[in-house]
Amino acid sequence: QVQLVESGGGLVQAGGSLRLSCAASGRTFISYNMGWFRQAPGKEREFAAAISWSGGSTYYADSVKGRFTISRDNAKNTVYLQMNSLKPEDTAVYYCAAKHYSGSYYSPSGYDYWGQGTQVTVSS
């Protein structure tokens, strides 16, 4: 089992940047593929980015491709989401999630563990 704690959210103007962090507890972090999802008020939770256990493969939603970068540091049990050129439509609660080898990277149902979320608000 793994516990996930997100940090780094906040209020930023359009065009600005934020870096989210997700710290994982447990000795088996390296065995998990990791993802970032987001959920805006009144909308379903949607995929943003994911990274394989080794960091060798990354996946992005079309809406964030070229602006967001996911990375991980297995020595620190941490996964990051660098968000640049932020837009008001990026405003949402951002969740970190962990999954084993089975299941889709792109669907919330493919993930086994979730953090509590961190709020990102982008003002116009």
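Just so we're clear, the structure is a prediction, and the values are computed from it rather than from any experiment.
- Remark: the backbone N or O of P88 is not paired with any side-chain donor or acceptor of S124 at under 3.5 angstrom.
- Interatomic distance, S17 OG to L86 CG, rounded to the nearest 0.5 Å: 6.0 Å.
- Side-chain contact between L20 and M83 is present, with heavy atoms from C-beta onward closer than 4.5 Å.
- Counting heavy atoms from C-beta outward, D112 and Q1 have side chains that stay 4.5 Å or more apart.
- Under the 30°/60° scheme for interplanar angles, the aromatic rings of Y94 and F68 are found to be tilted.
- Looking only at distances, a side-chain donor or acceptor of T91 sits under 3.5 Å from a matching main-chain atom of V122.
- Centroid-to-centroid, the aromatic rings of F47 and Y59 stay 6.0 Å apart or farther.
- Residues Y80 and D73 are in side-chain contact: their nearest non-hydrogen atoms beyond the backbone lie under 4.5 Å apart.
- For F29 and W53, the ring centers sit 6.0 Å or farther from each other.
- Between F37 and E46, the closest side-chain pair of non-hydrogen atoms is not below 4.5 Å.
- Side-chain contact between Y95 and Q39 is present, with at least one heavy-atom pair separated by less than 4.5 Å.
- A 4.5 Å side-chain heavy-atom check between V79 and I51 finds at least one atom pair inside the cut-off.
- The side-chain heavy atoms of Y60 and I70, taken from C-beta on, include a pair separated by under 4.5 Å.
- At least one side-chain heavy atom of C22 sits under 4.5 Å from a side-chain heavy atom of W36.
- Residue A98 comes nearest to M34 through the heavy atom pair CB-SD, 3.6 Å, listed as atom of the first residue, atom of the second, then distance.
- E6 places a side-chain N or O within 3.5 Å of a backbone atom of C96 that can act as its donor or acceptor partner.
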